[in-house]
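Ligands are counted one by one from 1 in listed order, and the atoms in each one are counted from 1 as well. Side chains included, hydrogens not; waters and symmetry mates left out as well; all remaining heavy atoms used. For reference, positions follow the sequence shown, starting with 1.
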Amino acid sequence: MKKPQRIAVLTGGGDAPGINAVIRAVTKHAILEHGLEVIGIVDGYEGLVHNRHRKLSYDDVSGILTQGGTILGASKTSNPYQYAVTEGGQIVFRDLSQRAIKMVRDLKVDALVCIGGDGTLGIAHRLHKDGVPVVGVPKTIDNDLRGTDVTFGFDTAVAIATEAIDRLHTTAQSHHRIMIVEVMGHWTGWIALYSGVAGGGDIILIPEIPFTVKAVADKIEERSKRGRRFSIVVIAEGAKPVGGENVIKRLVKKSADPIRLGGVGFVLQEQLEKATGREARTVVLGHLLRGGSPTAADRVLSTQFGSHALELIMRGETGMMVAVHGCEITHVPLEVAAGGPRTVPPDNPVLAAARTIGTSFGE
Ligand code: F6P
């Protein structure tokens, strides 16, 4: 195997706290230990299609460990295999993958590090099959990637949501209200489950367990009988009632994955006010969960992930995604991550513990 000389790094999809920590770890490891040249692809796959990149030096990545966002920029709508172009006033999707692959070849990089969630890593897997040596790093606040116990960004999102729930507790108590907190999570309930448990949510509603308004209202009444005149409901944006539909906030026409969820909290608020005769308020945390500085745990995980990604490249083990299994940093084939969202399983131990202490899941 020829020793790698130059690598590229790309950050795709929605941002998550810890991306810069990964970029820093990959780049520092590459420069300090192996003397490699590192290229940053600008704005995710958009940069691969439109030839936008810049060199990353040691100085560029020094001091970014704690910074939120991504110094490279990201794009949620650019898929080289289904790239949106406007033709005759209409948006149509074209396969521009050969153009992206040519850019990687022209850059003469020996491997591409793709930092992203299911969408980004699904594309990374296709690129790998098409001859681009790729290593993936699992990033998403949603924690919904297969092949790894946890993604970086999740811990921070849970910490932010938990702090918000703590704050809402005091105002809910003062006004004897139902407070509904809607959190992101896409089609899964990881953020709602973990922040709901950490924040002492009375009712946690996740996509994996369809709810009924009656069960939620009954729980609120049961609490009232115990003298608890307020209730906190933590709801995932993808939660839906038994036999009901998801609440969609918008459709992004230029995206091959156009659905953006949001607003289910407001729908539930109206239904609960009717069912209980009590006052309710809804707070949607939305993108707050993606912004700002990563927690200590995410900084550590991102550093380990970035360092391991570079190690894989040096060993010629591309086509892999770095992962964490228990306490071990390891890797799995990229196709595992591309196999659809990892939902909260019915036997999840956090779910089980929450049930034992009376938390309702609206069943
Ligand atoms: O995947 C990350 C995520 O923040 C999801 O939790 C959410 O459903 C979606 O992205 C929001 O997308 P956008 O940034 O396009 O609003």
With a 3.5 Å cut-off and no angle check, do the side chains of Ser307 and His29 form a donor-acceptor pair?
-> yes
Establish, yes or no, whether the cationic atom of Arg94 lies under 6.0 Å from the six-membered ring centre of Tyr81 and within 45° of the ring axis.
-> no
Would you mind telling me if ligand 1 is within reach of the side chain of Lys76, the backbone, both or neither, using heavy atoms under 4.0 Å?
-> side chain
With rounding to the nearest 0.5 Å, note down the distance linking CZ in Arg278 to CD in Glu221.
-> 4.5 Å
among protein heavy atoms, the one nearest atom 3 (C) of ligand 1 is Arg290 NH1, 3.5 Å
Report the nearest protein non-hydrogen atom to atom 1 (O) of ligand 1: residue, atom name, distance rounded to 0.1 Å.
-> Asp142 OD2, 2.7 Å
So, Thr343 and Glu208: side-chain donor and acceptor under 3.5 Å apart, yes or no?
-> no
For atom 7 (C) of ligand 1, grab the closest protein heavy atom and report residue, atom and distance to one decimal in Å.
-> Glu237 OE2, 3.3 Å
Mark the output for Gly117 as yes if a heavy-atom distance to ligand 1 is under 4.0 Å, and as no if none is.
-> no
Among His287, Arg260, His186, Arg250, which one has a heavy atom closest to atom 15 (O) of ligand 1?
-> Arg260
Strictly by modelled atom types, are Asp298 and Thr156 linked by a side-chain donor-acceptor pair under 3.5 Å?
-> yes
